[in-house]
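To start, the structure itself, in structure tokens.
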Amino acid sequence: MSDRNRDEILSMGIDGDVYDFCMATEQELCGRFRAIDEVTEYNQLKVLNAMRKNRLGESHFAPTTGYGYNDTGREITEKIYADVFHTEDALVRPQITCGTHALALALMANLRPGDELLSPVGKPYDTLEEVIGIRPSAGSLREYGVTYAQVDLLEDESFDYAGIADAIHERTRLVTIQRSKGYASRHTLSVQETGDLIAFIKKQKADVICMVDNCYGEFVDRIEPSDVGADLVVGSLIKNPGGGLAPVGGYIAGKKEYVEQASYRLTSPGLGKEVGPSLGIYPQILQGFFLAPQTVNGALKAAILAAGIYEKLGFRVIPGMHDPRNDIIQAVEFEDPELLKAFCRGIQAAAPVDSFVRPEPWDMPGYDCPVIMAAGAFVSGSSIELSADGPIRPPYTAYFQGGLTYYHAKFGMMMSLQKVKEAKGSLYLESRKESIEQNRDDQTVTSQ
Ligand SMILES: *Cc1c(COP(=O)(O)O)cnc(C)c1O
């Protein structure tokens, strides 16, 4: 990078040693970044081709209101999503408010009283607990007589195939598989692993519906869960596939029959997909989808850079800087509440919106301890934009994701490291110094 960039960044309150450390780390990651670019190029073409094949035109951008009958913008958006995910059909709606809503919709639409829902990958995302009724909750599946079974991963995080085979019986109707680790400490499943699990489940019971919670996983790989046997894939438009531009929305892509069921639950039996006004939002949903591969590219590189920076400083990071990556989330265990807060405050200070706000931990509903969050986003709650959060409890883990551009996310990393340095009093954390030097020696040995 030219001296002019360095001068500019130092003038924004970053110390020279922080800047140099981040730049050296970035340099080490060049090879990985190139591999990500190749996947992005493929996914960009996949989205572009779906738009060209469906003859997306300017006329599709006209807004509709009220019932939204014959909304060609809505119809073509759903065809484009179906083509990208290689599914028979898709439901892509601004009326689906978030990822939890999309998942609840897919579940409630495809389960009937007496059916059982199975999670073969352990406890699902926190908000799903109330949808399912794991925590008693008004309107949950449990209130409608849908039971729930769960099989945890084994100690080594592999699938408990014997346990899963035992758990599947005649009432098992739908299997929900969450790709991303969420707030759990397991690894995020790759698409291929997800496919292996689906194949096993279908062998036990061919007519069971396999649904994948695809949140944070879209466009990370060349293939999506629907390419490896998933009957339904579900996600949020204020994460990866919205590309940062979609102001709201969720999607459900999959087999026609199951998507149709979801449409009857979203609107009404008899109406289904035929109603739903665009309210002028589909141009943003479409443009966001077009940009999404590139946005995910930047978010992935930023996550790897964060892993590199904190791994080299001796912190435990999940995944590690050289580990395979199947979503855009990076966890860093700070083991010190002050460092976790400093990290989040750095992310906030680097934001384009609300950079002047100083995040404080607060008692968020649904959590058993205070949580600190950093988000300075154009779209409220958007986590494809640079954001971080962490529950204030050991091991004081920061979960970090997003970045509309890599350059912004990289600056966010520098600012967070600056704040961590200020909180600790030095860049090379005293307690870590030995392990860093040890690491460096090891690397010198292996590179010789
Ligand atoms: C974010 C997320 C959800 C829920 O999405 P919201 O938009 O926050 O409701 C569900 N599952 C996973 C794995 C997620 O990351």
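Every value quoted in this text rests on a predicted model; they were computed, and no experiment measured them. Start at 1 and go down the list; that is how both ligands and their atoms are numbered.
Heavy-atom separations between Thr97 and ligand 1 are all 4.0 Å or longer. The closest approach between any non-hydrogen atom of Lys239 and ligand 1 is below 4.0 Å.
Annotation for ligand 1: atoms under 4.0 Å from non-hydrogen atoms of Leu103 are 10 (C). Of all atoms in ligand 1, listed by their number and element, those nearer than 4.0 Å to a heavy atom of Gly99 are 5 (O), 6 (P), 7 (O), 9 (O). Distances below 4.0 Å separate heavy atoms of Gln178 from the following atoms of ligand 1: 13 (C). Set against the non-hydrogen atoms of Tyr216, the atoms of ligand 1 under 4.0 Å away are 15 (O).
Of the polar atoms of Asp213, at least one N or O is found under 3.5 Å from an N or O of ligand 1, judged by distance alone. Among the atoms of Thr100, some N or O lies under 3.5 angstrom from an N or O of ligand 1.
Residues Asn326 and Asp221 bring no donor and acceptor atom of their side chains to less than 3.5 Å of each other. In summary, the side chains of His169 and Glu116 do present a donor paired with an acceptor at a separation below 3.5 Å, with no hydrogens or angles considered. Thr147 and Arg171 are linked by a side-chain donor-acceptor pair at a separation below 3.5 angstrom, with hydrogens and angles left out of the test. With hydrogens and angles left out, the side-chain atoms of Gln150 and Tyr148 include a donor and acceptor closer than 3.5 Å.
Leu153 meets the side-chain contact (heavy atoms from CB on, under 4.5 Å) test with Val121, Phe159, Arg186; sequence neighbours excluded. For Arg265, the side-chain contact (heavy atoms from CB on, under 4.5 Å) test picks out Leu105, Met108, Ala109, with sequence neighbours left out.
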